[in-house]
Protein chains: 2
Amino acid sequence: MASPKSWVPIPPKSDFSIANIPFGIITSRNSQTQKRPAVAIGDHALDLLAFSKGNGFSKLPSVDVSVFEQPTLNDFAALGRPVHREVRKYLQDILSESTSYPEILKDNAELQKAALLPKGEFKNHLPMKIGDYTDFFAGRNHAVNLGSMFRDPKNALQPNYNHLAVAYHGRASSVVVSGTHIRRPNGQILLDPTKPTEPTFAPCRFLDIELELAAFICKPNDLGEPIKIKNAADHIFGYVLMNDWSARDIQKFEYVPLGPFTAKNFGTTVSAWVVLADALEPFRADKLKSEIPPPKYLTEERDDTVYDIKLEVDLTTPDGGTTTISRVSGKNLLWSFPQMVAHHTVGGCNLGVGDLFGSGTISGTREERDDLGSMIEMNQQGKREIQLAGMDVRKFLKDGDTITIRGTCGGEDGALVGFGECTGTIESAVVYD
Amino acid sequence: MASPKSWVPIPPKSDFSIANIPFGIITSRNSQTQKRPAVAIGDHALDLLAFSKGNGFSKLPSVDVSVFEQPTLNDFAALGRPVHREVRKYLQDILSESTSYPEILKDNAELQKAALLPKGEFKNHLPMKIGDYTDFFAGRNHAVNLGSMFRDPKNALQPNYNHLAVAYHGRASSVVVSGTHIRRPNGQILLDPTKPTEPTFAPCRFLDIELELAAFICKPNDLGEPIKIKNAADHIFGYVLMNDWSARDIQKFEYVPLGPFTAKNFGTTVSAWVVLADALEPFRADKLKSEIPPPKYLTEERDDTVYDIKLEVDLTTPDGGTTTISRVSGKNLLWSFPQMVAHHTVGGCNLGVGDLFGSGTISGTREERDDLGSMIEMNQQGKREIQLAGMDVRKFLKDGDTITIRGTCGGEDGALVGFGECTGTIESAVVYD
Ligand SMILES: [Ca+2]
Ligand SMILES: [Ca+2]
Ligand SMILES: [Mg+2]
Ligand SMILES: [Mg+2]
Ligand code: NI
């Protein structure tokens, strides 16, 4: 199904074609400081509070427009997937060349002026209030790569890996929106690994990235009431890109036996625009094949429950040189997000609206090793340099480096469904005296 | 310093003497359903919303009484420790036999009727809105006991244990108030441990408790700005008892390499009344001696930074028989809560008002093994039965069992500082088809 053309100019390579309509939270750069919902269309943001106040939703009277007065998307998300679908479809109509209601916005210069903000006149904020954040480990290629490096290529995966969606609870407070600077953490690291009880307190030397997709939850469940796999997709609002910054040397000393803690909780960056689950429907793809059938409570009716998203990672050095250090498809997951929902709640854990699920690092399997989601995989545990533009090299991140993740679905110019940027720049560590 | 007597009758063994004044959130059982702050005094709750509306705080004009209109204690907590101290002292005066202001409450029958609710006429709720919950592992005797059972008594502690406050991020959404029933979780367990890739999906068979203390945070820090050890105590609002229910068999299969997940996230119970840090001051005790000096960023100026709290665990079987299965002091920690605050934020992680920190399981070292904080320690990894009243026995919890944790400081009748109960009853697992 070809997308309609929009009367709003859409740059051919824009992530935000009319086929997308992702939701975010904005403030105006120079005037209105109230946080409010918006959708992205080409290089513009449509301010949904202004649009709603200007009777923009008058042809969709069923929708409770008070959700567009909120400083997060939580209340909109809580309306449920049928409403997200309806609102997205309505906004696609409003923004299309052949709109059914030209008087609402297309021919309404006053409302356009009030609600359609060009790039540079708005600023994005964290789209949801996150109650809890969970990071999964569903990128099996990454798990295999790490297990091969740290243990044994023949036994790369732990015995539980193919049976359940391995995950840990992450730190919700330090999830930040794209563009937020990240300070290099201090911590205890083993400079001499042969002396495992003599750590040194110092700034992290092995500061890494993790290329991930992440989903926001829109439908809660009660404590003690698991979400069954057949209903799990109804609980997913939409998706963002995520960089789970990781301090490998701090992690190495601290993580046995209870998992990563200060190695991960100093910051996690997500992209600003939430791409609705519905917008990704045309890009479904099969997930990675499992060697064993999953248990019944994780068995899905179809295999194509992940998405073919072209993911790219750019590293920009302080002098401004940019190198794309990874290109990989988002379909490289063993467990889908609905499976993560079913597993997370299997013991009765309650999810809340706004909860964030990370996929785990997404890596490919190509021989050339240019499709990896973390630097520790690219540098083969410190054994090789990652080659950058201008003969620069890295093993891990230096102060002033910027990482930018991008993700796009589809190939037709002017009809792309993408995520915008997930970017962050590394600042120097706090100096302890 | 002897406590003043209260004009409110205080049962001699009450946890809530005038020396305590713990804060909580209540609703009235039969009428007023609005959640609101209260303090406990003997068998009564003083409703702070009603007290404030009845000009109860008129002699303390500096305090912003709007915090007592909130459904959680977060806004009160956010006023900071000097204000908590002032309000507690003021309420101690108001409630004392020799109050400076008898007209406020002691001689004001009308306000007593409105604000002083007897036991049975109010219900407690979760005292704080918890943004993030972190569970530490600071009970070194417990860590030694587990390490000795699972690995090697000579190398019971991991290399990191004495160097940093080991912890993992827990699940905030499933922290519940005392009295909430807990459903036994389902999960994947290894019925035959020699076949580590053949798990069975079934209700947890090894359902355990963890006896813990927990602290609520009252003062936030910004991302990238660690809290230094010398300021850490200012960030702690007060303390509750905690039962970190644990599914040992589910944990065993799932926890390598990222830590416990569904084995812990099905419910965590906290007591309802927050005992302010100031109320515990007279009960300071030395923490456990470390074999090595802690790193500088975790070095405290004094050793007595934990509390001598008499903790007890009762197990009540479905037929009503109750046995005290553990008695141990809360001082059995290697790391104090201020040290936990400093370590949690060392890499820049931001804390929020209402965040919850668990101590980790608190066990003693007595030969008789009646001072242990978990059943897996009591049953020596399934090797022995825990003897209960009436010749009943347990290795782990059965459906219908109730666990009640109590904690009290001091010994003088009518002057105790205690926590009330932290209790929960096990319900049968959800039946999956
Ligand atoms: Ca990750
Ligand atoms: Ca615990
Ligand atoms: Mg992170
Ligand atoms: Mg728990
Ligand atoms: Ni009375």
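Scope of the values below: all heavy atoms of this structure, side chains included, with no hydrogens, waters or symmetry mates. Chain letters run A, B, ... following the sequence lines, proteins first and then strands; every chain starts at 1.
- The shortest heavy-atom contact between B:Ala172 and A:Asp132 is N-OD1, 3.0 Å.
- Around the CZ atom of B:Arg205, the shell of radius 6.0 Å holds no more than 12 heavy atoms that belong to other residues, nucleotides or ligands.
- For the set B:Gly348, B:Cys349, B:Gly259, the entry with the most heavy-atom pairs within less than 4.5 Å of chain A is B:Cys349.
- Side-chain contact check for B:Tyr255 and A:Gln158: no donor-acceptor pair (N or O, by modelled atom type) lies under 3.5 Å.
- Smallest separation of non-hydrogen atoms from B:Pro196 and A:Pro159: O-CB, 3.3 Å.
- When all heavy atoms are compared, the tightest approach of B:Leu298 to A:Gln188 is CD1-NE2, 4.5 Å.
- With a threshold of 4.5 angstrom between heavy atoms, A:His181 does not approach chain B through any atom at all.
- Between chain A and the residues B:Leu351, B:Asn186, B:Asn350, the largest count of heavy-atom pairs under 4.5 Å involves B:Asn350.
- Interface remark: A:Thr197 contributes backbone and side-chain atoms alike to the contact with chain B (heavy atom separation under 4.5 Å).
- Ranked by heavy-atom pairs under 4.5 Å with chain A, the first of B:Pro185, B:Gly131, B:Ala167 is B:Ala167.
- Using non-hydrogen atoms only and a strict 4.5 Å limit, the part of residues 223-232 of chain B facing chain A consists of B:Leu223, B:Gly224, B:Glu225, B:Pro226, B:Lys228.
- Residues A:His169 and B:Tyr133 keep their aromatic ring centres 6.0 Å or farther apart.
- B:Glu254 is not listed as a side-chain neighbour of A:His163, based on a closest heavy-atom distance of 4.5 Å or more.
- A:Val430 touches chain B through its side chain: at least one heavy atom from C-beta onward sits under 4.5 Å away, while N, CA, C and O do not.
- For A:Asn162, no part lies under 4.5 angstrom from a heavy atom of chain B.
- Residue contact with chain B, scored on non-hydrogen atoms closer than 4.5 Å, involves the side chain of A:Tyr432 exclusively.
- In this structure, A:Tyr168 has its ring center at least 6.0 angstrom away from the ring center of B:Tyr168.
- Within the 4.5 angstrom heavy-atom criterion, no atom of A:Tyr161 approaches chain B.
- In terms of heavy-atom pairs under 4.5 Å with chain A, the best-connected choice from B:Pro199, B:Gly187, B:Pro260 is B:Pro199.
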Please report the C-alpha distance between A:Asp355 and B:Arg171 in whole Å, then the side-chain angles of each, then the deciding distance to 0.1 Å, and finally whether the side chain to side chain contact (heavy atoms under 4.5 Å, CB included) criterion is met. CA-CA 11 Å; A:Asp355 284 353; B:Arg171 180 76 193 178; 2.6 Å; yes

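- Interface remark: A:Phe261 contributes backbone and side-chain atoms alike to the contact with chain B (heavy atom separation under 4.5 Å).
- Neither the backbone nor the side chain of A:Phe150 has a heavy atom closer than 4.5 Å to any heavy atom of chain B.
- Of the inter-residue distances, the one linking A:Ser173 atom OG with B:Ile217 atom CD1 reads 11.0 Å to the nearest 0.5 angstrom.
- Between B:Asp222 and A:Arg183, no side-chain nitrogen of the basic residue sits less than 4.0 Å from a carboxylate oxygen of the acidic one, so the salt-bridge criterion is not met.
- Heavy atoms closer than 4.5 Å to chain A are found in the side chain of B:Pro295, but not in its backbone.
- Between chain A and the residues B:Asp433, B:Leu164, B:Thr262, the most heavy-atom pairs under 4.5 angstrom are made by B:Leu164.
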Does B:Lys252 form a side chain to side chain contact (heavy atoms under 4.5 Å, CB included) with A:Asn160? I'd like the steps, not just the answer. CA-CA 10 Å; B:Lys252 189 175 168 125; A:Asn160 57 20; over 6 Å; no

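- For A:Pro257, the parts sitting under 4.5 Å from any heavy atom of chain B are the backbone and the side chain alike.
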